[in-house]
Engineer: 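Can you read through this structure? Questions will come right after.
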Amino acid sequence: MTELGGVGVTPRTGYGIARWHDRTIDLGEPPAPEIVDPGDELAAFEQARDAARAALERERDRASERVGEAEAEIFDAHVQFLDDPQITDGVESAIEDGLPAAHAVRETFDGFVDQFEGMDGRMAERADDLRDVRDRLLRLLVDDESATEPSRTDGPDADERIVLLADRLTPSDTADLDPDRVAGIVTKAGGRTSHAAILARSLAIPAIVQVGDALETIADGDRVLVDGEDGRIVVDSDDEALEATAESGPEIRQGPVETTDGKHVEVAANLGGTGELTPAVESGADGVGLFRTEFLFLDRETPPTEDEQYDAVTDVLDAFTGDRVVVRTLDIGGDKPVPYLELPEESNPFLGERGIRLSLDRHRDLFETQLRALLRAAASEHGDGLAVMFPLVSTIPELEGALEAVDDVAADLADEGTEHARPELGVMIETPAAVLCADQVAERVEFLSIGTNDLTQYVMAVDRESEALADLHDPLHPPVLRAIRRTVEAGRAEGVRVGMCGEMAGDPDLTELLVGLGLDELSMSAVTVPAVKRRIEETSTDDAEDLAERALEADTRDEVRSLL
Ligand code: PEP
Ligand code: MG
């Protein structure tokens, strides 16, 4: 038995037969420049770009259906590389200098890959995206049909589950994987926050990255266990017991979990669309802590009707019968544009018209329609569990405006004789302003939910999308921890529940810290629910509080990390 280590990406365990993924394209040496016709080669390059763009658009649609809109945007980034003038100029001038199109693509892209790899953090991870676009073009230029219709998991025997091994995987390799066939992914390189890793997590495929050259010790056909929670790969060609332990993974726990000393912490799922409902129910989530309703508004020409919204919300309530389901009202703007709404062009969209600001002003019509659907859903068969929260609140008048809108809509529904009820109401705490007046917010609502993705962005003054500044966008920076603590204290003083629904809540390595900071509920993508539930059951509140106290006193993020 051999054991290798790497960085876990998806906290699940899988077991299967190792299969090396080899997509290297051997172009050989370029022919002499005098026998290359630049006109033909330029036309071939142009044609390959068109075909690649069309294939990327198809894959984008497929990823959007299977894993969600945010993940599908990765393919937009690929189209941008395909159309980047620096890259296309580079390829075209290499062709004019006498290289065939394929060699010119390889030479130019490799130059950019080297540049990206020389940078830090997430910029380096963009090199994977560039390689992906390069290989797609090369396959087209050498006439490999997998460039347009890829079949990533073909193995010699279509019945066996495979563990895919690779130097690195590209996002389109990953988006096309079939979780029923692929029991795991292990790569030599690649980062935890690379797009391919995010896709693997969304598809709930156990995955480990950064194993290094040691991965070469595994051969095609070896039987491999991938423990994505601990970043452990176990190779043992004979051990039958391995198979038995593999599928048990972090055991799915249906029902509430408690710390070792009996403190209940609710573990809920985030939903980005009703397509994610079944995995959320199956994950053992205690409810839904964040239903991002904006996904109902994307990828269409007109807004969803009141009835469509009612149906989507009641589907979730019916699937989580008796559990709490927190629906967030429309949070568009910022990084979530909706073309048919003609949102304003802004130089700082994250600081502009988004979230509740749009709902109370420019798009009050959409807000009222949504509230009608929600108040009707609250009176549906399983509507008791419904809770509604408002995004990006930064002033008390905004909150009061939203609460008044609820009252107005309720009065209209009553006048019409339409059945409705008032759901539990809450606020997302995701601006520093909301943290600083969390006590005044808590007096007016029934719950608070901390959105650490935006809160980190605004507390640290760093764009959540910035790759170069990714280290600053880390909720472990002490000021963010202090903001969380302050919110919990404000909620406690008013006796209202405080939950967290940003990405931070789904990292099992931070569970103890979050219990120590006093959160009542953690809400996350469904795949991490079992691992977080297990961590809660291993946590003692006293130790957790002690850890949180020390983290709050730390001077730096690295000091916090070392405490963990
Ligand atoms: C957040 O900001 O943490 C959050 C959960 O909302 P979103 O990521 O949708 O902005
Ligand atoms: Mg947010």
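In listed order, ligands and their atoms are each counted from 1. The shown structure was predicted, so the numbers you read here are calculated from the model rather than taken from an experiment.
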Engineer: Check each atom of ligand 1 against the heavy atoms of G502 and keep those under 4.0 Å away; list them by number with element.
Structural biologist: 3 (O), 5 (C)
Engineer: Quick one: does M428 get a heavy atom under 4.0 Å from ligand 1?
Structural biologist: yes
Engineer: Would you check if the side chain of T456 reaches a backbone N or O of N453 as a donor-acceptor pair within less than 3.5 Å?
Structural biologist: no
Engineer: Given 3.5 Å as the limit, does a donor-acceptor pair link the side chain of Q370 with the main chain of L330, or not?
Structural biologist: yes
Engineer: Just let me know how R292 lines up against ligand 1, side chain, backbone, both or neither, with a heavy-atom cut-off below 4.0 Å.
Structural biologist: side chain
Engineer: Suppose the criterion is salt bridge (charged side-chain N to carboxylate O under 4.0 Å, His left out): which pairs have a residue in residues 421-439, not counting sequence neighbours?
Structural biologist: R324-E424, R422-E446
Engineer: Can you tell which of V488, D507, L481, L519 makes a side-chain contact (heavy atoms from CB on, under 4.5 Å) with L514?
Structural biologist: L519
Engineer: Just checking E538: does its CD atom have more than 12 heavy atoms from other residues, nucleotides or ligands closer to it than 6.0 angstrom?
Structural biologist: yes
Engineer: What about E294: any of its N or O atoms under 3.5 Å from an N or O on ligand 1?
Structural biologist: no
Engineer: In terms of atom number and element, which parts of ligand 1 are under 4.0 angstrom from non-hydrogen atoms of R464?
Structural biologist: 2 (O), 7 (P), 8 (O), 10 (O)
Engineer: Kindly confirm whether the Mg ion (ligand 2) is within less than 2.8 Å of some N/O/S atom in D454?
Structural biologist: yes
Engineer: Would you call D76-R60 a salt bridge at under 4.0 Å N-O?
Structural biologist: yes
Engineer: Going by an N to O cut-off under 4.0 Å, is there a salt bridge joining E545 and K263?
Structural biologist: no
Engineer: Can you list the ligand 1 atoms lying under 4.0 Å from a non-hydrogen atom of L290?
Structural biologist: 5 (C)
Engineer: Which atom, among the N/O/S set of E430, is closest to the Mg ion (ligand 2)?
Structural biologist: OE1
Engineer: Would you check whether Q457 reaches within less than 4.0 Å of ligand 1, judged by its heavy atoms?
Structural biologist: no
Engineer: Where does M524 meet ligand 1, judged by heavy-atom distances below 4.0 Å: at the side chain, the backbone, both, or neither?
Structural biologist: neither
Engineer: Using a 4.0 Å heavy-atom cut-off, which part of T452 comes near ligand 1: side chain, backbone, both, or neither?
Structural biologist: backbone
Engineer: Salt bridge between R561 and D558, side-chain N to carboxylate O under 4.0 Å?
Structural biologist: no
Engineer: Relative to atom 5 (C) of ligand 1, which among C501, G289, S523 owns the nearest non-hydrogen atom?
Structural biologist: C501
Engineer: Could you tell me whether M504 approaches ligand 1 through its side chain, its backbone, both or neither, with non-hydrogen atoms closer than 4.0 Å?
Structural biologist: neither
Engineer: Tell me every residue that passes side-chain hydrogen bond (donor to acceptor under 3.5 Å, both in side chains) with R482, counting only those two or more places apart in sequence or in another chain.
Structural biologist: none
